There are 2 protein chains.
Amino acid sequence: MKHITITDIAKKLGISASTVSRALSDHPDIKAETKKKVQQLADEFYYKPNSIAQSLKNNRTTIIGVIVPEIKHDFFSSAISGIEEVAYHAGYTIIVCQSNENFEREVVNTNSLIHQRVAGIVASISQDTINSDHFRTVVARGIPLVFFDRACSDLDVSKVIIDDAKSAYNAVSYLISKGYHRIAHFTGPRDLEISKLRLQGYLKALSDALIPSVEDFICYGGLHEADGYNSMDHLININHLPDAIFAVNDPVAIGAFQRIKEAGLRIPQDIGIVGFSNNKITALVDPPLTTVNQPSFEMGKRSAELLIEMIESEKLPTLPKTIVLDTELVIRNST
Amino acid sequence: MKHITITDIAKKLGISASTVSRALSDHPDIKAETKKKVQQLADEFYYKPNSIAQSLKNNRTTIIGVIVPEIKHDFFSSAISGIEEVAYHAGYTIIVCQSNENFEREVVNTNSLIHQRVAGIVASISQDTINSDHFRTVVARGIPLVFFDRACSDLDVSKVIIDDAKSAYNAVSYLISKGYHRIAHFTGPRDLEISKLRLQGYLKALSDALIPSVEDFICYGGLHEADGYNSMDHLININHLPDAIFAVNDPVAIGAFQRIKEAGLRIPQDIGIVGFSNNKITALVDPPLTTVNQPSFEMGKRSAELLIEMIESEKLPTLPKTIVLDTELVIRNST
DNA sequence: AACGTTATCGCAAACGTTTGCAGAAATTAT
DNA sequence: ATAATTTCTGCAAACGTTTGCGATAACGTT
């Protein structure tokens, strides 16, 4: 019923707790015979050291905190998977928190992780995180911090990102090269860095091709399917149809996709679509969607590697690194 | 840089640590004025209690361990999301481990959670978990345990499941009622309980309709897309085509779906398809797939609720509960 | 024979909290 | 005035582990 302790073993053997501790860690001071007896008893009673006590003593845990907007979102669950993979092999476990795209909850999550004395934090911020004080206190306490995908732009910490502007630029330029010229952009929340950068890439691609941007064609919304659906719905209602859509991410693209199909329009003949992230689903809809491949699993892995490197470099405060991963345009039949 | 402690505050104020502790927890013994001074200093230095020390003292943590086969699998990420949601509101955090469908890794994960002294564990076992000794030691230590979806059948612990046999029976009976009579079943690993039960439901539906089962039509495989693809490929190669397929889960159904499309066969005219789980993707392929809705998020929530109830009922060992959630056949155009 | 080595082990402190108990100070009752 | 309360605070132990240091005994060395 109860967890057996080092002291329990010591008592049973009539020796001291310190000897047991050393025996279990194969300390040279301890006689082979003693080690054997200790080991045997430990095995017999399935002794597992209390990591709580170890953490308190060593003043360090082997837990990595992870904060994401939504666990069930394809991109994030895949990234979490990558983080776990690296953490597992390095002997760490991960505590996963979701902010539900909510600022206050992100703050609570952050404080909770500090409270737990995690060894480090990997985070991707919520879409309405403006203030970054909570992350500032993380840094101030000397807790290693790595952002991935969505970072606080006013904080100089390590991050694993992609070149959002360039990726968007390439995607839109591709659309233009395919003959699409009335291209709409379904963008995300105005204050979210990735939204801004992707919008920026979209605009640059248009202007480089000497195509004027059209106000109606820049549709602000959230990051979910419903947002894409609504934006498309709006364009249909005002009867101002683009010949192509570049969406801020795949769920938004899928939402638009559905509304287009409902309207009886043909993809890619009437309207072309490009998404962003290469969610699995984009390959399976009909027609499959052209999208920007964003290496989610890889981003998770690299973030974790970076973080663990920071954790284990002890006190020498490594200066912030930024890793920019390559994206690639996956061309399918929606364009 | 460092975390501030209760003793630090005590020293600054020239009082004892115990007074600070009591002041912070609003103990009636402490003078209002003292409380105020303590609180002020605590706020000023962003004091956060060290939960490691608290856990050691109280002999309990507020961490729930979660073990799933694969984080990025739609069903599990959604369940994890549900678990986190409930845990968050009850003041717990979750440690998430993935077994990658690998038995040894599941054992390592389990031991790691014991090592961390988690307050309880929610688990869904890997597809090649035969031995359940590792979970037995969890129970033996008095650590609350709840299985969801995939449980160890030889262990009498709480679980949140669906009626797999009945759900399969309903799905196949529906196919029969639609006029399909040469129905194949793409099943999962032989030893996995959910595979067995769904196969059982499939067989019963056939036999109740007086339809003989055909050996070729029971195709064993894994739980991934590739498995469905391969099974379908096999049937095409031996030129023994069914008029409908009931797949053990959605990824397998999607795999079959792809191979069918490649073969130029029409869905549902030439071949009908029914999946299992109602992954988001099934609604978006063309034609959308008929599938069994398995409430993943809800299963996660209920598991967490059950677990927390067990944790907080302290020592009185509640006897194992089994919660069976309703499924429902979502009829779409693939049948 | 006296000393220095080596091998083996235990004591005690420390990590940051919580909490029973005792003690001091302030207040009230006699 | 003293005694009895009440109000407030500190001491010390405990949670399970690690680790510097000292202690003991059994050696080998001159």
Side-chain angles (χ1 to χ4, degrees), chain A residues 1-39 41-42 45-63 112 114-119 141-143, chain B residues 1-39 41-42 45-63 112 114-119 141-143:
Chain A
M1 187 70 180
K2 278 298 286 52
H3 295 279
I4 190 176
T5 75
I6 233 173
T7 331
D8 295 332
I9 296 181
K11 273 190 201 140
K12 278 192 219 281
L13 254 45
I15 59 180
S16 80
S18 35
T19 302
V20 175
S21 173
R22 277 186 264 249
L24 289 172
S25 57
D26 203 26
H27 193 285
D29 269 9
I30 308 297
K31 184 161 53 170
E33 185 198 351
T34 310
K35 281 182 188 169
K36 186 168 227 166
K37 281 196 293 188
V38 170
Q39 195 57 59
L41 210 62
F45 288 95
Y46 300 101
Y47 169 76
K48 295 241 163 46
N50 184 328
S51 81
I52 307 287
Q54 289 178 320
S55 295
L56 183 60
K57 179 71 182 129
N58 309 330
N59 209 17
R60 60 182 299 271
T61 62
T62 57
I63 302 179
S112 167
I114 294 177
H115 177 214
Q116 309 259 12
R117 299 294 192 260
V118 293
R141 281 171 190 254
I143 301 176
Chain B
M1 185 71 179
K2 276 300 281 58
H3 294 281
I4 190 175
T5 76
I6 231 171
T7 331
D8 295 334
I9 296 181
K11 275 191 200 138
K12 279 189 217 281
L13 254 46
I15 59 180
S16 80
S18 35
T19 302
V20 176
S21 173
R22 276 187 265 249
L24 289 171
S25 57
D26 203 27
H27 193 288
D29 270 8
I30 307 298
K31 184 162 49 172
E33 184 199 352
T34 311
K35 281 182 189 170
K36 187 168 225 163
K37 280 195 293 185
V38 169
Q39 195 58 59
L41 210 60
F45 288 96
Y46 299 102
Y47 168 77
K48 295 242 163 45
N50 184 330
S51 81
I52 306 288
Q54 288 178 320
S55 294
L56 184 61
K57 178 67 185 144
N58 308 330
N59 210 19
R60 61 182 299 272
T61 61
T62 56
I63 303 179
S112 166
I114 294 178
H115 177 214
Q116 309 259 14
R117 299 294 190 264
V118 293
R141 281 171 190 254
I143 301 176

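Side chains included, hydrogens not; waters and symmetry mates left out as well; all remaining heavy atoms used. Please read these numbers as outputs of a predicted model, since none were measured by experiment. Each chain gets a letter, A, B and so on, in the order the sequences are listed, and its residues count up from 1.
When the P atom of dT17(C) is taken as reference, atom CG of Asn58(B) falls 12 Å away, rounded to whole Å. If you measure from atom CG of Leu13(A) to atom P of dC9(C), you get 11 Å, rounded to the nearest angstrom. Put simply, NZ on Lys31(B) is 12 Å from C1' on dA24(C), counting in whole angstrom units. Between Asp29(A) atom CG and dG22(D) atom C1' the separation is 12 Å, expressed in whole Å. Here dG16(D) presents its C1' atom at 11 Å from NZ of Lys57(A), a figure rounded to the nearest Å. Residue Ile6(A) contributes atom CD1, which lies 12 Å from atom C1' of dT19(D) at whole-angstrom precision. One interatomic measurement links the two molecules: NZ of Lys35(A) to C1' of dA7(C), which rounds to 12 Å at whole-angstrom precision. Rounding to whole angstrom units, CG of residue Asn50(A) and P of dG16(D) are separated by 7 Å.
Checked against dG16(C), dG20(D), dT9(D), the side chain of Arg22(A) finds its nearest nucleotide in dG20(D). Of the candidate nucleotides dT17(D), dT17(C), dC9(C), dT17(C) has the atom lying nearest to any side-chain atom of Thr7(B). Nearest nucleotide to the Tyr47(A) side chain, out of dG16(C), dT19(D), dT17(D): dT17(D).
Proximity of a side-chain donor or acceptor of Ser51(A) to a complementary backbone N or O of Gln54(A) within less than 3.5 Å is not detected. A donor-acceptor contact shorter than 3.5 Å is absent between the side chain of Asn58(B) and the backbone of Arg60(B). When atom types are taken as modelled, the side chain of Lys48(B) and the backbone of His3(B) share no donor-acceptor pair closer than 3.5 angstrom.
Look at Ser16(A) and you won't find any side-chain N or O under 4.0 angstrom from OP1 or OP2 of dC9(C). Residue Thr19(B) places none of its side-chain N or O atoms closer than 4.0 Å to OP1 or OP2 of dT9(D). Here Gln54(B) reaches the OP1 or OP2 of dT18(C): one of its side-chain N or O atoms lies under 4.0 Å away.
Going from atom OG1 of Thr5(A) over to atom CG of Asp8(A) covers 3.5 Å, rounded to the nearest 0.5 Å. Between atom CZ of residue Arg117(A) and atom CD1 of residue Ile52(B) there is a gap of 8.0 Å, rounded to the nearest 0.5 Å.
No engagement by Ser55(B) is indicated, since no non-hydrogen atom pair under 4.0 Å with the nucleic acid exists. Residue contacts for Ser25(B): at a heavy-atom cut-off of 4.0 Å it reaches no nucleic acid atom on any strand shown. Across all strands shown, Ile52(B) has no heavy atoms under 4.0 Å from either base or sugar-phosphate atoms.
Each of His27(B) and Thr5(A) lies near DNA chain D, and the nucleotide nearest His27(B) is the one positioned closer to the 5' end.
Judged by distance alone with a 3.5 Å cut-off, a donor-acceptor contact links the side chain of Ser18(B) to the base of dC11(D). For dC15(C), the base has no donor-acceptor partner in the side chain of Asn59(A) [N/O atoms by modelled type, under 3.5 angstrom]. Within 3.5 Å, no donor on the side chain of Arg117(B) pairs with an acceptor on the base of dG16(D), nor the reverse.
The shortest non-hydrogen separation linking Leu56(B) to Ala53(A) is CD1-CB, 3.9 Å.
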